[in-house]
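So the structure is just underneath, and the comments pick up after that.
Each chain gets a letter, A, B and so on, in the order its sequence line appears, and its residues count up from 1.
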Amino acid sequence: MPELPEVEAAAIIARRTLVGRRLVAVTTHHAAQRRSLPPRHGARLAGLRIAAVERRGKSQLVHFSDGAVLLVHFRMNGDWEVVAEGAPAPAYTRVAFATDDGVRLCLVDPRALCTATYHAPGKPPRITLGPEPDQLTVTALRAALARRAGPIKPVLLDQKVVAGLGNIYAAEALWRARIDPRTPARDLSAPQLAALVKGIKAAIADGFARQGRYRAGTAGTAGTRAHAFKVYDREGLPCRRGCGAIARITQAGRSTYFCPTCQE
DNA sequence: TTACGCCTGGAG
DNA sequence: CTCCAGGCGTAA
């Protein structure tokens, strides 16, 4: 579940589970995560209190009392699961963070592509990201796209252009802005740039609205409702504006869904 | 720019 | 069996 809205919901869960608590143990359950977070790094976190959990783009930063930072990235399939004391770790748990109240925050990821990395006090990770969607302006987007000759959709996946967009929300934003994903990024007109900024914000806002699992007492909401994407994963289905069928093409090795009729 | 490695599971 | 998957770093 890993684009900006999903990561934000996850960060809220991590924040509620961790902040103010003391970490008592970190356990890695898979060789891939042992490479990104060697046991000796996890050991340095044990005993420390968690001061804050922050999200930047699709990254989560866990700040510790001594200034150390844990950088967690879900990649394709990562997610948090909160496990009560004594309960077994969920399937596909890759790293577990046990706190002093007995709860464990489990980093669950079937593909094990997720990463968690330790950053010593005074050496915070430097992540170069573009503006968050809610800070994005037409001026900033125009500047970011001015020299980009490639098609707009893969460019939107570049985190230095906008932070947090992934394959779903890039497609959703372009559909909302009625822009053909194959358009060279630097060729977007002024009205198209304005529409794209609006489209990005609307797509992300819609994503937030779909996140319900972090609200107290609503466990089980996630996944129950079928997704309500505008174009993503709708190949062959009618465009929601009543045009023809949604098409799927490959760009930069990834699927792009769009309406050939209303996106130009 | 595209291609591939990283990993594993699910769908057809 | 083959293909596909909400990401990203590196290589060619």
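For the pair A/Q159 (side chain) and A/G164 (backbone), a donor-acceptor distance under 3.5 Å is present.
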Without placing hydrogens or testing angles, list every side-chain donor-acceptor pair under 3.5 Å for residues 80-89 of chain A, not counting sequence neighbours.
unit_1	atom_1	unit_2	atom_2	d
A/W80	NE1	A/Q60	OE1	2.8

In a table with atom names and distances, give each donor-acceptor pair under 3.5 Å that connects a side chain of residues 242-262 of chain A to protein atoms at least two apart or in another chain.
unit_1	atom_1	unit_2	atom_2	d
A/R248	NE	A/E235	OE1	3.2
A/R248	NH1	A/S255	OG	2.8
A/Q251	OE1	A/T256	OG1	2.7
A/Q251	NE2	A/P181	O	3.2
A/T256	OG1	A/K153	NZ	3.1

Review item, side-chain donor-acceptor pairs of residues 7-15 of chain A, under 3.5 Å, at least two apart:
unit_1	atom_1	unit_2	atom_2	d
A/E8	OE1	A/R55	NE	2.6
A/R15	NE	A/V53	O	2.9
A/R15	NH2	A/V53	O	2.8

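Applying the salt bridge (charged side-chain N to carboxylate O under 4.0 Å, His left out) rule to A/R182 yields the partners A/D180; only residues at least two apart in sequence or on another chain are considered. Residues satisfying the salt bridge (charged side-chain N to carboxylate O under 4.0 Å, His left out) criterion with A/D233, sequence neighbours excluded, are absent altogether. Checked against salt bridge (charged side-chain N to carboxylate O under 4.0 Å, His left out), A/D206 has the following partners two or more places apart in sequence or in another chain: A/R176, A/R210. Annotation: side-chain contact (heavy atoms from CB on, under 4.5 Å) contacts of A/P124 (sequence neighbours excluded): none.
The nearest whole Å value for the distance from the NZ atom in A/K153 to the P atom in C/dG6 is 8 Å. Atom-to-atom, CG of A/D109 to C1' of B/dC6 comes out at 11 Å; the value is rounded to the nearest Å. The CG atom of A/N77 sits 17 Å away from the P atom of C/dC4 (whole-angstrom rounding). For A/D233 and C/dG6, the CG to P distance is 9 Å, given to the nearest whole Å. Rounded to an integer number of Å, the gap from A/L4 CG to C/dG6 C1' is 12 Å. One can place CG of A/L129 at 14 Å from P of C/dG7, the figure rounded to the nearest angstrom. Computed from coordinates, the A/R248 CZ to C/dG6 C1' distance equals 14 Å when rounded to whole Å. One interatomic measurement links the two molecules: NZ of A/K160 to C1' of C/dG7, which rounds to 13 Å at whole-angstrom precision.
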Every protein N/O within reach of nucleotides 8-10 of chain B N/O, cut-off under 3.5 Å:
unit_1	atom_1	unit_2	atom_2	d
B/dT8	OP1	A/H30	NE2	3.1
B/dG9	OP1	A/Y92	OH	3.4

Report all interatomic pairs (protein N or O, nucleotide N or O of nucleotides 1-4 of chain B) with separations under 3.5 Å.
unit_1	atom_1	unit_2	atom_2	d
B/dT1	OP1	A/G150	N	3.2

Heteroatom pairs (N/O) under 3.5 angstrom, protein to nucleotides 8-12 of chain C:
unit_1	atom_1	unit_2	atom_2	d
C/dC8	OP1	A/H73	NE2	3.1
C/dC8	OP2	A/K58	NZ	3.2

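For A/R148 and A/D158, the salt-bridge test passes: some basic side-chain N is under 4.0 Å from an acidic carboxylate O. With respect to A/E6 and A/K58, no salt bridge is recorded, no charged nitrogen being found less than 4.0 Å from a carboxylate O.
Consecutive Watson-Crick or G-U pairs involving DNA chain C, each under 3.5 Å on both distances, make up stems of three or more pairs at B:1-6 with C:7-12, B:8-12 with C:1-5.
Within 4.0 Å (heavy atoms only), A/T115 reaches no atom of the nucleic acid at all. Nucleic acid contact for A/Y169: none, since no nucleic acid atom lies under 4.0 Å from a heavy atom of the residue.
Among pairs with a residue in residues 102-112 of chain A, none fulfils salt bridge (charged side-chain N to carboxylate O under 4.0 Å, His left out), at least two apart in sequence or across chains.
With both ends at atom P, the span from B/dG5 to C/dT2 equals 16 Å, rounded to whole Å. Rounded to the nearest Å, the gap between the P atom of B/dA3 and that of C/dC3 is 15 Å. For the P atom pair drawn from B/dG9 and C/dC8, the interatomic distance equals 22 Å after rounding to whole Å.
Note on A/S255: every side-chain N or O is 4.0 Å or more away from OP1 and OP2 of C/dC4.
The shortest heavy-atom contact between A/Q263 and A/I179 is NE2-O, 2.8 Å.
No more than 12 heavy atoms of other residues, nucleotides or ligands lie within 6.0 Å of NZ in A/K198, so this atom counts as exposed by the packing criterion.
Counted by atom type alone, A/H30 and A/T28 present zero donor-acceptor pairs between their side chains at under 3.5 Å.
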